[in-house]
*Asks:* 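This is the structure I want to talk about, given as structure tokens.
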Amino acid sequence: IVRPKSFDRPELHYRVVRVDERDAEASLRGVLKSLPEDFNETSQTFFDPDHERTFSGLVFVPTVNGRHGIISTANAVEPVSGRPGIFSGSAPKGEPSDSWERTKRTHASSFKRNLTPVLVTTNAFGMGIDKKNIRWVVHYGLPGSIEGYYQEVGRAGRDERDASCVLLLSQFDVERNRHCLLYTSD
């Protein structure tokens, strides 16, 4: 049994970005474009696979389908990051459900092996993932609970090196998730 002395994760650096729902995709791309600065890296190579030195990252979305679903979000981030992998528990609309299990496992494997630096996922991408070089996590929408958020950002920085955790928050998210209180400063 592993019992941590503290749940403090000083290597995780948090940022909340308030966005207008109408400009959410542009804001997401802007956040991704700003990530290289967090690590004193150039934007030309930040999203390139580089074995264990890859700046791997996760973009968490609240739903499988819809405007903040994995397919639409993957399409939104592609111009910045290159083609991301996708992962969700159930098949997104338009994907054959009989082959989805194989497809999502292929995407997850490519991400874990540092062949695909970015994975757009729902919370179905499990806690058992122990990938040391996840340098950043972006939430494209408010998670269902503080505990869920803590678990999801906790996938970053497992090597105890600095990692960025960005939450894009719109008024729509706040109204939809009133039960999940998040304290932020302006």
Side-chain angles (χ1 to χ4, degrees), residues 2-19 24 26-62 73-74 76-87 107-169 173 180 182-186:
V2 176
R3 294 187 180 171
K5 293 178 184 173
S6 168
F7 288 99
D8 185 28
R9 298 281 308 276
E11 68 277 8
L12 301 182
H13 303 279
Y14 299 93
R15 184 170 24 138
V16 176
V17 178
R18 293 181 187 255
V19 300
S27 297
L28 173 62
R29 285 190 293 271
V31 164
L32 293 176
K33 287 177 185 176
S34 74
L35 286 171
E37 271 180 46
D38 293 351
F39 300 95
N40 296 317
E41 293 292 325
T42 66
S43 58
Q44 289 80 12
T45 59
F46 185 78
F47 293 103
D48 291 344
D50 190 16
H51 309 288
E52 294 82 31
R53 293 177 302 278
T54 302
F55 288 90
S56 295
L58 297 166
V59 178
F60 278 100
V61 295
T73 302
V77 304
E78 185 175 5
V80 177
S81 69
R83 189 70 189 153
I86 55 175
F87 191 94
H107 284 268
S109 175
S110 181
F111 178 72
K112 288 186 234 178
R113 294 182 4 231
N114 297 308
L115 302 174
T116 303
V118 178
L119 187 69
V120 175
T121 184
T122 62
N123 63 3
F125 191 65
M127 292 188 310
I129 304 306
D130 194 16
K131 182 172 167 52
K132 303 249 185 262
N133 64 330
I134 297 179
R135 299 271 56 90
W136 56 272
V137 173
V138 172
H139 278 81
Y140 189 41
L142 192 61
S145 69
I146 293 292
E147 293 82 6
Y149 180 72
Y150 182 79
Q151 290 290 337
E152 291 162 13
V153 296
R155 290 171 177 84
R158 293 210 172 158
D159 57 0
E160 298 181 357
R161 291 178 50 212
D162 286 344
S164 289
C165 305
V166 183
L167 171 64
L168 277 81
L169 181 67
D173 293 318
C180 180
L182 231 124
Y183 297 94
T184 61
S185 60
D186 289 69

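Numbers here simply count residues along the sequence, with the first being 1.
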*Asks:* Tell me whether Arg161 at atom CZ has more than 12 heavy atoms from other residues, nucleotides or ligands lying less than 6.0 Å away.
*Replies:* no
*Asks:* Would you find a donor on one side and an acceptor on the other, under 3.5 Å apart, between the side chain of Thr121 and the backbone of Phe87?
*Replies:* yes
*Asks:* Would you compute the distance between atom CD of Glu78 and atom CZ of Arg83 and round it to the nearest 0.5 angstrom?
*Replies:* 4.5 Å
*Asks:* Holding to ring-ring contact (aromatic ring centres under 6.0 Å, His included), I want the full list of residues that pass it with Tyr150, two or more places apart in sequence or in another chain.
*Replies:* none
*Asks:* Give, for atom CZ of Phe46 and atom CD of Glu37, the distance between the pair rounded to the nearest 0.5 Å.
*Replies:* 11.0 Å
*Asks:* As an exercise, state the distance from OG of Ser56 to CG of Leu119, rounded to the nearest 0.5 Å.
*Replies:* 9.5 Å
*Asks:* Quick one, Arg9 with Cys165, criterion side-chain contact (heavy atoms from CB on, under 4.5 Å). Give me CA distance, side-chain angles, the key distance, then yes/no.
*Replies:* CA-CA 12 Å; Arg9 298 281 308 276; Cys165 305; over 6 Å; no
*Asks:* Might you point out which heavy atoms bring Lys131 and Lys112 nearest each other, and give the distance in Å?
*Replies:* NZ-O, 3.7 Å
*Asks:* So, for Val120 and Ala74, which heavy atoms are closest and what is the spacing to 0.1 Å?
*Replies:* CG2-CA, 4.0 Å
*Asks:* For Trp136 and Val59, what are the C-alpha separation, side-chain angles and deciding distance, and is it a side-chain contact (heavy atoms from CB on, under 4.5 Å)?
*Replies:* CA-CA 9 Å; Trp136 56 272; Val59 178; 3.8 Å; yes
*Asks:* For Ile134 and Gly57, work out which heavy atoms get closest and say how close.
*Replies:* CG2-CA, 4.5 Å
*Asks:* Side chain to side chain donor-acceptor pair (under 3.5 Å) with Asn133: which of Asp159, Thr54, Asn114?
*Replies:* Asn114
*Asks:* I'd like to know if the side chain of His139 reaches the main chain of Phe60, judged simply by a donor and an acceptor atom lying under 3.5 Å from each other, with no hydrogens or angles considered.
*Replies:* no
*Asks:* Do the non-hydrogen side-chain atoms of Pro84 and Thr73 ever get within less than 4.5 Å of each other?
*Replies:* no
*Asks:* Apply side-chain contact (heavy atoms from CB on, under 4.5 Å) to Val77 and Tyr140, showing your working.
*Replies:* CA-CA 11 Å; Val77 304; Tyr140 189 41; over 6 Å; no
*Asks:* Let me confirm one number: the CZ-OG1 distance from Phe55 to Thr45, rounded to the nearest 0.5 Å.
*Replies:* 7.5 Å
*Asks:* Hey, is the main chain of Gly148 close enough, under 3.5 Å, to the side chain of Ser145 for a donor-acceptor pair?
*Replies:* yes
*Asks:* Working to the nearest 0.5 Å, report the span between CG of Leu12 and CZ of Arg155.
*Replies:* 12.5 Å
*Asks:* How close do Ala163 and Gly157 get, counting heavy atoms only, and between which atoms?
*Replies:* CB-N, 3.8 Å
*Asks:* Return the OG1 to NE2 distance between Thr116 and His107, rounded to the nearest 0.5 Å.
*Replies:* 8.0 Å
*Asks:* Does Leu35 offer a backbone N or O that forms a donor-acceptor pair with the side chain of Arg135 under 3.5 Å?
*Replies:* no
*Asks:* Given Asp38 and His13, is the side-chain contact (heavy atoms from CB on, under 4.5 Å) satisfied, shown in steps?
*Replies:* CA-CA 10 Å; Asp38 293 351; His13 303 279; over 6 Å; no
*Asks:* Determine the interplanar angle of the Phe111 and Phe125 rings, folded into 0 to 90°, and report it as parallel if under 30°, tilted if 30 to 60°, perpendicular if over 60°.
*Replies:* perpendicular
